2 protein chains.
Amino acid sequence: MSRSVGGYHHGNLQAALEDAALDLLETTSAPKISLREVARRAGVSHNAPYHHFGDRAALLSALGVRGMAALLAAQEEAVASAAGPVERVRALGLAYIRYAAAHPQTFALVFDPDYCAAGSPSAEMAPLIARNEDLLGGEVAALVQEPGWEGRDVMALSAALWSTVHGMAQLIMLGHLPLEAAEPALDALVR
Amino acid sequence: MSRSVGGYHHGNLQAALEDAALDLLETTSAPKISLREVARRAGVSHNAPYHHFGDRAALLSALGVRGMAALLAAQEEAVASAAGPVERVRALGLAYIRYAAAHPQTFALVFDPDYCAAGSPSAEMAPLIARNEDLLGGEVAALVQEPGWEGRDVMALSAALWSTVHGMAQLIMLGHLPLEAAEPALDALVR
DNA sequence: CTCCTAAGTAGACACTGTCAAGAATGTGGA
DNA sequence: TCCACATTCTTGACAGTGTCTACTTAGGAG
């Protein structure tokens, strides 16, 4: 399927470019990734990417969508294999944190306003954000039925939990907190 | 004091460069700030900054130190004018969040590992980080003497509170949460 | 006054993102 | 079958960037 390299028509350059850039993201922060280096890795000229992405930001933005999808999938999988409302929320948060620790540059890209603006998300990003909010909101709604959590405002509690988990992910990713501190700290707050 | 502009000797170019860059930070994210633009604003040649900063990252790093100092000062001031352990911790967190909302680019710079590495902080940054940890640790230590908080692990609780506040600051700064959601969300968790 | 050093300038280089124009390739219609 | 055409990719150019080297100037110590 993949066309012989060297010819004019690559076959699936769009995906190849995203793959190359995703590779670079393992070791390099998004702002330092160069479009020309990505093209070089994909074995095409420095201008080939412009036929698949409007500009550099568009490529990074596409990577952000991929990252957000992976983050969402990690949370959904974690929730599915947990029993009980409290345990499910815990699993969701830990999955979020572990994804950030495992793919720090990708996680940072997803929340970088220069490429993935929260105010005006791309057409592919918006539904992912919505699904994530639904996922968290649903679990919190189940949580507030539990003894000890009854009557809490779902919106406020969701915002607080998201903040805690997001902040912890950020601080661990930056090296301000060790990954092992995540579970005890979470439990210190939520009990 | 300030030397006549146009001559070879500026007088205090180091500070002038930081001021110009800080101005740019009000509207532009750190990775997009160009050293040559900063020099232009300071009215000097594109190479003058190299006599005061080793490279571009060093200038941004110095701005990060300024930002961290301001963030710390905001917290200290808020704590000083609050009564009671719970209220003091609350004030500290809100000051942190409000600083991030008021100076988003500067706040982001302080936590940008490309310029302000958490693992190996600069000589000026390290004591500020230590002072901030002492500030939070001290307030939490006082908090766990209060009824309803007795016996909690200070380290774990500090980490959790920092995470919550930092995450909320981040999400508000990015536009994922409105600033007005901060207080209710904080209170939903801490009661 | 002289000379040294710190603080500025000018010029060059490699690299970047992006625009314009041209060449190769595959495709639908006669 | 053959030929216009749109797509994909290439080459070349331009302005802007960070940083290196070399030169010029100002101010202060002796």
Side-chain angles (χ1 to χ4, degrees), chain A residues 1-21 23-25 27-64 105 109 112-117, chain B residues 1-21 23-25 27-64 105 109 112-117:
Chain A
M1 179 63 65
S2 75
R3 191 56 86 270
S4 68
V5 183
Y8 259 65
H9 285 62
H10 179 283
N12 196 357
L13 184 54
Q14 171 139 0
L17 288 168
E18 291 186 17
D19 288 344
D23 256 27
L24 280 171
L25 253 195
T27 59
T28 315
S29 70
K32 298 189 152 183
I33 287 185
S34 122
L35 207 50
R36 288 171 107 109
E37 173 66 19
V38 172
R40 234 170 275 138
R41 294 217 175 190
V44 293
S45 85
H46 67 271
N47 254 338
Y50 282 88
H51 289 268
H52 302 274
F53 302 96
D55 57 6
R56 194 188 93 105
L59 170 56
L60 275 307
S61 177
L63 291 193
Q105 315 291 0
L109 169 59
D112 187 330
D114 282 343
Y115 307 111
C116 304
Chain B
M1 179 67 65
S2 74
R3 192 55 88 270
S4 69
V5 183
Y8 258 64
H9 285 62
H10 179 284
N12 196 357
L13 183 55
Q14 169 137 2
L17 288 168
E18 290 186 19
D19 288 345
D23 256 26
L24 281 172
L25 254 194
T27 59
T28 316
S29 69
K32 297 189 154 184
I33 288 185
S34 122
L35 206 50
R36 288 170 107 111
E37 173 66 20
V38 172
R40 234 170 274 136
R41 294 217 174 190
V44 293
S45 85
H46 67 273
N47 255 336
Y50 282 89
H51 288 269
H52 301 276
F53 302 95
D55 57 7
R56 194 188 96 104
L59 170 57
L60 274 307
S61 178
L63 292 193
Q105 315 291 0
L109 169 59
D112 187 329
D114 282 344
Y115 306 112
C116 304

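Here is the naming used below: chain letters follow the sequence lines, and residue numbers restart at 1 for every chain. Since the model is a prediction, treat every value here as computed from it, not as a measurement.
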Point to revise | Nearest-Å distance for atom pair CG/C1', residues A:Leu17 and D:dC9 | key: 12 Å
Exercise for review: Give a yes/no on whether any side-chain N or O of B:Arg40 is located under 4.0 angstrom from OP1 or OP2 of D:dT17.
Suggested key: yes
Practice item. Using a 4.0 Å heavy-atom cut-off across all strands, classify A:Ser34 as base, sugar-phosphate, or nothing. Key: sugar-phosphate
Revision key, fill the gap. Residues at least two apart in sequence or cross-chain that pass side chain to side chain contact (heavy atoms under 4.5 Å, CB included) with B:Ala57, listed by chain then number, are B:Asp55, B:Tyr115
Check your understanding: Has the side chain of B:Asn47 got a donor or acceptor atom sitting under 3.5 Å from an opposite partner on the base of C:dG11?
Key -> yes
Review point. Roughly how many Å is it from CD in B:Glu37 to C1' in C:dT16, rounded to a whole number?
Key: 17 Å
Point to revise | Base D:dG16 paired with B:His46 side chain (donor-acceptor, <3.5 Å) | key: no
Exercise for review: Figure out the CG/P separation between A:Asn12 and D:dT8, and round it to whole Å.
Suggested key: 11 Å
Practice item. Using a 4.5 Å cut-off on heavy atoms from C-beta on, say whether the side chain of B:Glu37 contacts that of B:Leu24. Key: yes
Point to revise | Interatomic distance where CG belongs to A:Leu35 and C1' belongs to C:dC19 [whole Å] | key: 14 Å
Revision key, fill the gap. The residue, B:Leu13 or B:Arg36, whose nearest nucleotide of DNA chain C is more 5′ is B:Leu13
**Study point:** Sorted by number, the residues of residues 50-59 of chain A with heavy-atom contact under 4.0 Å to DNA chain D
**Key:** A:His51, A:His52
**Study point:** Between D:dT19 (P) and B:Leu60 (CG): distance, integer Å
**Key:** 10 Å
Practice item. Quick one: pull up OG in A:Ser34 and CZ in A:Arg41 and give me the separation to the nearest 0.5 Å. Key: 10.0 Å
Practice item. Using side chain to side chain contact (heavy atoms under 4.5 Å, CB included) as the criterion, list what pairs up with B:Gln105, not counting sequence neighbours. Key: B:Leu25, B:Ser29
Check your understanding: Roughly how many Å is it from NZ in B:Lys32 to P in D:dG16, rounded to a whole number?
Key -> 17 Å
Practice item. Working to the nearest 0.5 Å, report the span between OH of B:Tyr50 and CG of B:Leu59. Key: 10.0 Å
Check your understanding: Out of curiosity, B:Ser45 OG to B:Arg36 CZ, how far, rounded to the nearest 0.5 Å?
Key -> 9.0 Å
Practice item. Can you measure from NE2 (A:His51) to CG (A:Leu17) and round to the nearest 0.5 angstrom? Key: 11.5 Å
